[in-house]
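Have a look at the structure below before the remarks.
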There are 2 protein chains.
Amino acid sequence: MNIGLLGCGTIGSGVLELLDKTNDLKVLKVLDLPSKKDFLGERFAANYNEVCANPEIETVIEAMGGNQFPYECIKTALSNGKNVITSNKEVVSLHIEEFYKIAKEKGVYFLCEASVGGGIPIICSLIDSIKINKVNKIYGIINGTTNFILTKMNKEGVSLDEALAEAKRLGFAEFDATADLEGLDMTRKICILSSIAYGGVVDYSKIYHYGITKVTKEILADVKALGYTLKFIAQSELVNGEVFASVEPCLIDAGNPLCGVNYEFNAVYYDCEFNDKLGFYGKGAGKLPTASAMVADVKRIETNSPKYYFEKGKEYAVNNYLDSSKYYVYDGNKGKIIDKLDNVDNYEFVARIF
Amino acid sequence: MNIGLLGCGTIGSGVLELLDKTNDLKVLKVLDLPSKKDFLGERFAANYNEVCANPEIETVIEAMGGNQFPYECIKTALSNGKNVITSNKEVVSLHIEEFYKIAKEKGVYFLCEASVGGGIPIICSLIDSIKINKVNKIYGIINGTTNFILTKMNKEGVSLDEALAEAKRLGFAEFDATADLEGLDMTRKICILSSIAYGGVVDYSKIYHYGITKVTKEILADVKALGYTLKFIAQSELVNGEVFASVEPCLIDAGNPLCGVNYEFNAVYYDCEFNDKLGFYGKGAGKLPTASAMVADVKRIETNSPKYYFEKGKEYAVNNYLDSSKYYVYDGNKGKIIDKLDNVDNYEFVARIF
């Protein structure tokens with residue numbers, strides 16, 4: 001199969017490395033900035049149409065990140081009858097319905113396994129599950145940066161700034177980690193999982209998110225004294241035709257399997273009609289885990305795996321848990337647990353009792 | 001698709017229930033004892049050839065358990081060009097190579113997702129992983145009965161006999177639970193996973209197993225005082241072309257994700273070349289979880305998912321960890337940790353330090 005690659009940064013170069021080891025999967029063209037021209041040689045493409053409108057290319061792999069430009073590229077590739085694989089949670093969370101629609105019209109694949117949970121095969125498992133089960137609840141730790149930071153703070157007693165600096169040093173955090181710390185990254189991912197699981201559009205911008213920037217050593221000690229562990233969790237549920245979803249710090253019991261998910265690891269759980277709870281664990285980010293999820297998508301195309309398309313245009317109402325869940329609220333130097341949250345802004349820090 | 005079912009006990013009746021809800025998957029014939037004749041009506045089959053040699057049936061689902069008779073049935077069905085789906089870990093662990101060979105010759109599916117981990121999609125994930133990664137280590141809790149018993153003992157302070165009685169009362173243990181308690185059930189399952197992951201025959205009868213029948217409240221208290229939790233774990237590794245495997249009680253650290261796998265839940269982890277560690281969690285047994293794993297296999301056939309066949313006839317040497325791992329040994333009323341195990345029989349109870 002002839003492949004075109006959009007973006008040769010961390011993930012894209014991992015994809016190139018894995019595909020170049022195979023005999024049958026040939027990367028013909030790679031779009032990147034002119035600075036990569038020497039490295040890429042004859043495969044260098046300066047214009048996205050050399051990839052997305054290239055008649056020799058069957059499958060386009062997008063690994064650029066961002067929204068507007070990847071959106072144009074993916075739409076062009078699909079409209080030209082090419083299979084598309086992407087790891088870009090931003091563009092998928094915004095346009096999944098349209099991408100599935102064009103892919104269906106053209107009879108090609110749109111695959112986005114790597115957009116959630118890095119190397120964890122969560123999307124293909126979810127698609128398998130919904131063929132026979134209703135899935136009505138999904139939750140998990142799906143951001144490696146913030147889980148690394150909280151684990152480091154919890155286990156090693158360092159401050160948030162120190163943990164963040166270490167995460168950057170190890171390559172687990174971007175230079176600007178705001179999207180991670182504020183929970184925006186996880187809203188994209190829980191939006192994608194919810195849209196697929198519930199078969200309708202879940203507007204990511206309506207998902208309540210509350211970040212972890214205010215977490216201190218004192219708060220973690222207080223939470224521990226109450227018998228809990230603080231984790232940054234994304235959750236979504238389908239209840240009577242409406243979605244409840246949030247991305248927020250949560251207090252979890254010692255017995256909860258999420259307690260054992262530490263550092264850069266991720267875990268996602270979902271509840272199935274016939275199959276109770278299923279869970280998936282692995283590295284949520286990183287060059288080779290993410291690249292191997294994308295190559296697994298390539299293999300799905302190569303072996304003619306069943307195509308899946310998102311059906312129908314239902315758009316779900318999105319609610320949060322603020323007035324239906326117990327919350328931990330922290331003020332001054334002490335926290336307490338209250339039955340529901342009146343106003344987030346009344347407290348220094350709040351976290352849901354999971 | 002027209003389906004024939006072999007066995008209508010707990011799992012088989014679950015499969016029938018799920019398939020009868022669909023419009024396109026028709027169960028034409030069900031083999032069972034004459035006592036089920038009234039319940040099954042026109043679909044009742046008294047002889048396995050009414051299913052396995054029936055020209056109208058494309059896919060045969062085997063849910064009987066046991067070895068010799070299911071082996072004959074599966075071989076007959078495959079040889080007659082029918083797809084076969086089974087949940088029978090005994091027959092799969094003994095004959096997987098032969099089943100894949102006949103299936104490949106006939107161009108049909110041989111699928112056994114439900115034979116390990118009940119509703120957990122571990123086998124399809126493993127097969128996906130080995131298409132692009134080498135998998136060289138697999139471990140987990142893959143027996144719900146014994147995990148239920150140990151969790152009950154650990155958390156509620158009951159004796160093994162009391163926990164076993166409760167497991168039977170709740171349907172988590174067979175009348176004769178020896179195969180579970182001695183680890184035989186898990187040797188079958190780790191054998192299947194290892195054979196698929198390493199692409200060669202792993203003789204299940206050579207896998208070292210040491211049961212949990214000697215576990216007492218005193219031992220659990222002693223293990224806890226040492227800072228560990230006792231879990232019954234199956235493990236296998238491929239090291240320099242040889243397999244190391246065992247099914248034995250192990251002492252695990254509080255930080256190990258397996259600590260959070262409790263009661264009838266199972267979890268399996270494996271290490272991938274490019275993808276680090278992947279983990280899968282869910283109900284390892286039970287009517288509907290197991291039945292839904294079998295129906296997921298039916299869906300794989302219906303949607304023309306890629307066929308997978310076990311390649312080649314390498315038979316691996318199988319070693320254990322006795323002289324290469326630290327062990328906890330218990331005698332009289334106290335345990336200690338030693339560098340390697342001289343002789344299992346020198347102690348009342350032994351468990352590996354995981």
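As the structure is a prediction and not an experimental result, all values here were calculated from the model. Proteins get letters first, then strands, A, B, ... in listed order; numbering begins at 1 in each.
The minimum heavy-atom distance linking B/Lys131 with A/Lys299 is given by the pair O-CE, 3.8 Å. Here the closest heavy-atom approach between residue B/Leu278 and residue A/Gly282 is recorded as CD2-CA, 4.2 Å.
Interface residue A/Lys21: only side-chain heavy atoms are found under 4.5 Å from chain B. Contact of A/Asn304 with chain B is made through the backbone alone, with heavy-atom distances under 4.5 Å. At a 4.5 Å heavy-atom cutoff, the contact between A/Lys283 and chain B is made by backbone and side-chain atoms alike.
Atoms OG1 and CG, on B/Thr303 and A/Asp128 in that order, are 8.0 Å from each other to the nearest 0.5 Å.
Two rings, from B/Tyr281 and A/Tyr281, have their centers 6.0 Å or more apart. In summary, the aromatic rings of A/Phe280 and B/Phe280 are positioned with their centroids under 6.0 Å apart.
When each of B/Pro257, B/Ala293, B/Ala267 is checked for heavy-atom pairs under 4.5 Å with chain A, B/Pro257 comes out on top. The candidate from B/Gly118, B/Cys124, B/Pro121 with the greatest count of non-hydrogen atom pairs under 4.5 Å with chain A is B/Pro121. Options A/Gly260, A/Ala254, A/Ser292 differ in how many heavy-atom pairs under 4.5 Å they form with chain B, and the most are formed by A/Ser292.
The side-chain contact (heavy atoms from CB on, under 4.5 Å) test with B/Ile132 is passed by exactly one of A/Thr22, A/Leu18, A/Leu19, A/Val295: A/Val295.
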